[in-house]
Structure formats: structure tokens, C-alpha cells
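Presented below is the structure to which this report refers.
Residues take their numbers from the sequence shown, with the count starting at 1.
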Amino acid sequence: MRVLVVEDDALLLDGLSVGLGLAGFTVDAVATCEDADAALSAQPYDAVVLDLMLPDGSGLDILASMRGGGNTTPVLLLTARDQISDRITGLDAGADDYVGKPFDLDELSARVRAVARRGQGRAAAKLEWCGVMLDTARQTASLNGEPLMLTRREFGVLRALMEHPGITVSKHTLEEALYGWQEEVESNAVEVHVHHLRAKLGAGFIRTVRGLGYRLAEEGA
């Protein structure tokens, strides 16, 4: 799950990047409205964490531009606790949720997961397919009720596929979900992760659709 964080406080931005990364998110971090607009134009995101006070404008301007342009990506606002009017304005302008500063990182992570799920039309934090269950909140997996040990990247690939059962997901889409701007992507990285998943889940669990990408096997297949 890829998230854009827009925050001009360098220490807070770094803490959010590290903390959300440890919670299983792929994080792109920017500090200005200009960079946020560029990121949103270049890359789809599952959610945006958006500060209101930025050096070259307001986060509300970014939000208005997104919604005015038809971008429905879920947005969580970061606000000062005493700025109730800003919260109301943000929610009325199309934000999906807000967190007041200072905040608890675990709560923020949970709220980002929640707005992203709603953006995908899901209510539950758990994904299930053919005996495999992913708990996206706890970052745990099981196969037929038994714990399944997955690396962060393997979890990310499987999550992306299980969020779209029956649909072919391109290699490029999987790379975007797994790797941020600052991370090098080996040309065969996705193939390696899929290979490891097949070793753990069975060779037929993930199907290769030649020239298009990957999809999960049909239930009962």
C-alpha cells in the first residue's frame, strides 16, 4: 500500500516515513505543495497524509485541486488540535479523516489503513482467498489456519493480489505498491517475490498472465 505524506517539519516527516514504513506502508514524502502536486500527477496512491500548514500554501489547496480534478484518493489531514474550523473546512472539502497534532503513530497508521480500505470499498482489515488469510492491521499471514512467515515485500505482493481477486495485476503496479522513490528496484524483483510466494503457497496459487502480469488462481482450482 503506497502512501504520500505531505509535511514540512523535517523531523516529523522523517518520523512519519519511518513509522508508516514499519507499519507496512510504502511511503513517499514531500514538504511542499509544489512537490505534492507533482507526486500526485505522477503516481497513484492508496492514501495521502496531508498537513495543512505548508511553506508555499495550504494543504486545503492541494485537497481542493485533487477533488476538483476528480482524484478520489483518500486523504487524512494533520491538524492542530485547537483548529476545529480547519478540520470542518477540510472534511467539507473532501477529506476522509483527520488526526490532531500531537498524535499517536499507531492510531495514525490505523486511520490510514481505514481510509484506504474504504477507498477500495472494503470494511474489514482481513483478506482471505483459498485458505490464505492476511491481517493487514497486524501484518500477519496464515495458510489453512497455520502461521505463514512472509517478508515485507512478499506480504505486499500477496496483499496487492488479494485486494483484486480474479483481476490481473501488472508487474508495474506491483512495483509501485512495493517500492518508494528512493528505493532501487531490480528488474526481476517482482518475479523473485512471486517465486518465493509460490514456494510457500503452492505453484498454482499465483498465475502468470503472459505479457500482462499476475493474478490469483480461481477458488477451487
Side-chain donor/acceptor pairs under 3.5 Å, residues 3-10, sequence neighbours excluded:
from	atom 1	to	atom 2	distance (Å)
E7	OE1	K101	NZ	3.1
E7	OE2	D9	N	2.9
D9	OD1	L11	N	3.0
D9	OD1	L12	N	3.0

Distance from [X] atom [atom1] to [Y] atom [atom2], nearest 0.5 Å?
X	Y	atom1	atom2	answer
T140	M133	OG1	CE	5.5 Å
R111	D96	CZ	CG	12.0 Å
R159	R152	CZ	CZ	12.0 Å
M66	D61	CE	CG	13.0 Å
T73	Q43	OG1	CD	10.0 Å
H193	L178	NE2	CG	6.0 Å

Considering only heavy atoms from C-beta outward, does the side chain of [X] approach that of [Y] to under 4.5 Å?
X	Y	answer
L161	W129	no
P44	E176	yes
L158	L201	yes
L78	L108	yes
E163	V169	no

* **L91-L52 co-clustered via ILVMFWY side chain contacts under 4.5 Å** => yes
* ILVMFWY cluster, M53 and L76 together (side-chain gap under 4.5 Å) -> no
N/O donor-acceptor pairs under 3.5 Å from side chains in residues 28-38, not counting sequence neighbours:
from	atom 1	to	atom 2	distance (Å)
D28	OD1	R2	NH2	3.4
D28	OD1	W181	N	3.2
D28	OD2	R2	NE	2.9
D28	OD2	R2	NH2	2.8
D28	OD2	Y45	OH	2.8
D28	OD2	W181	NE1	3.3
T32	OG1	D35	N	3.0
T32	OG1	D35	OD2	3.4

Nonpolar side-chain network containing [X], other nodes, edges under 4.5 Å:
X	result
V192	none
V209	L212
V115	none

Please list, one pair per line, the donor and acceptor atoms closer than 3.5 Å that link side chains of residues 142-150 to other protein atoms, with sequence neighbours excluded.
none

Testing the basics here: between [X] and [Y], what is the closest heavy-atom pair and its distance to 0.1 Å?
X	Y	value
Y179	T26	C-CG2, 3.5 Å
R198	R207	NH2-C, 3.7 Å
G15	L105	O-CD2, 4.4 Å
A116	M1	CB-SD, 3.5 Å

* Please walk me through it: do D135 and R113 pass salt bridge (Lys or Arg N to Asp or Glu O under 4.0 Å)? -> CA-CA 11 Å; D135 187 327; R113 286 193 295 268; over 6 Å; no
* Should we say atom OH of Y214 is surrounded by more than 12 heavy atoms from elsewhere, each under 6.0 Å from it? -> yes
* **Donor + acceptor pair across side chains of H195, E191 (<3.5 Å)** => no
* Asked: Ignoring hydrogens and geometry, is there a side-chain-to-backbone donor-acceptor pair from Q139 to T136 under 3.5 Å?
  -> yes
